[in-house]
Amino acid sequence: MGRGARARAGMAVLTAAALVAGCQAVKPVEQPPERTRGAGTEQRMPGTRAPASPAADEPDPSVREAQEACRKEQRTACYTFDQLRNVYGVRDLEATGKGQTVAVVMPVGSPVLEADLRAFSEKLRLAPPQVEVVRHGPEDGEAAPFDWDSEVMVSQAKDTTLAVQAVHAMAPDAKVVLHQVDAARGEADEGLTANGARRLAGVARQVIEDDSADVLSVSFAVPEKGELGRELRDEFKEMAPVFLDAARKGITVVAPAGDGGAAPTEADGEPVRGVSWPASDPSVVAVGGLRLGLDDEGRRTDPDVVWADRAGASGGGVSEVFDRPSYQNRVEPAVGGKRGVPDLSMTASGDGSTMIHFTEGGRTPAWVPMAGTSLAAPLFAGIVADADQEAGDRVGRLHHHLYERGRDVDTGREAGLLDITDGANGDDGHRATRGYDLASGLGTVDASLLVPALTDR
């Protein structure tokens, strides 16, 4: 969620967070700025590799200049999507998502989404984007016009931009269909309401019933134990067979674990542990967040750590709505009798943010640092699209395969599931341990190994 739309206790969390001071656009320079290597070790860590054809897809020099400006302004790491393509092994894949459709369901949208995506793709030397925007207006009355003076709408526009650019970066030849759920007049500045969440769920239902996508990424999170979660409890249960139907059709549904840490709500001023829906649904792949340490080429300089910083913390814990699914029987000591979240994790940190291309105010192009599990989830959705292409068919519901491959650390590593053992998801959080845990799930991914493993079934 945007910094100006921080969730209050008991409210839903829109799960991408724009940092306080976004990088301003900088003019391109004649020559790339001098490159600096990260302070790493010569010993190869899991998922670390030299980039394939490093000069073939080198970003426009203006991207590196913006990155350096971002580092100085944020006083922390700022990453580009080409670095993420390397660290997650996507640049080593032959598959690019060609022939696949990824649906992204988001509140509101961005009036400059398509222009920003074209500029993003050009500057990062990606394939020209294939994007379609499907608008879903309110049932009664007109949709609220986009207002650049609305902090909530601008935050949501950045969230939408983040999700679409993340999918495109991981699967540049896939078609991305944004299902933009417009707010009614008078509701646009309220953030996510019960009515808004119902409409988002309804659009996800429509995508599944129409069988119109191979992968579905939904970028919202409703804490189960919050006020809104209690109000929507019936919807949680009504959507369960819909998500199960997606699995039967081979549609992979991906959702963010949330940005509120292990305790996304409060009661009487005290943090309350819980998880967020729809990530908690057993038929949805729940993606948590990590902090990465990378050099300029996108190679690890430090092990990944569970995300918890000024921008938020990765969601994770056990559901109070859904029982433990059979695929988590092997991790019963961690989850008990309930569904455990997340299933796996990818980058989401504010202290290692990822820059999107966003036209501020509809006029000024900029590279804006973003954080949140609404980055992590569409990153994984793009990797699934790559796996669908590689398989020549939908890989579908992945849980049983992921947990079978991740049954132990060594087997998981061979299949591209890299264990996370450092960090916790907040002050009241769960700690990462060897094997599955409620902070990072099965760990993070190396697509160069995971995609072949997902298609070899």
Where do E224 and S319 come nearest, in terms of heavy atoms and distance? OE2-OG, 2.8 Å
Going by the side-chain hydrogen bond (donor to acceptor under 3.5 Å, both in side chains) test, name the single residue among Q206, H136, E132, R135 that passes it with H179. H136
Could you give the distance from CG (L450) to CG (L402), rounded to the nearest 0.5 Å? 6.5 Å
Set of salt bridge (Lys or Arg N to Asp or Glu O under 4.0 Å) partners for D419, sequence neighbours left out: none
Other residues, nucleotides and ligands only: do more than 12 of their heavy atoms fall within 6.0 Å of NZ on K98? no
I'd like to know if the side chain of T76 and the backbone of D351 have a donor-acceptor N/O pair within less than 3.5 Å. yes
I'd like to know if the side chain of Q389 and the backbone of D386 have a donor-acceptor N/O pair within less than 3.5 Å. no
How long is the span from the CD atom in Q74 to the CZ atom in R310, to the nearest 0.5 Å? 5.0 Å
Output the distance between atom OG1 (T80) and atom NE2 (H357), rounded to the nearest 0.5 Å. 13.5 Å
List the atom of L438, the atom of P342, and the distance in Å for their closest heavy-atom pair. O-CD, 3.7 Å
For R339, salt bridge (Lys or Arg N to Asp or Glu O under 4.0 Å) partners two or more places apart: D343
To the nearest 0.5 angstrom, please state how far the CD atom of Q156 sits from the OG atom of S374. 11.0 Å
Between atom CG of D304 and atom CG of L290, what is the distance when rounded to the nearest 0.5 Å? 5.5 Å
Can K158 and E360 be counted as an ion pair, charged N to O under 4.0 angstrom? yes
Considering non-hydrogen atoms only, spot the tightest contact between I420 and A432 and give its length. O-CB, 3.6 Å
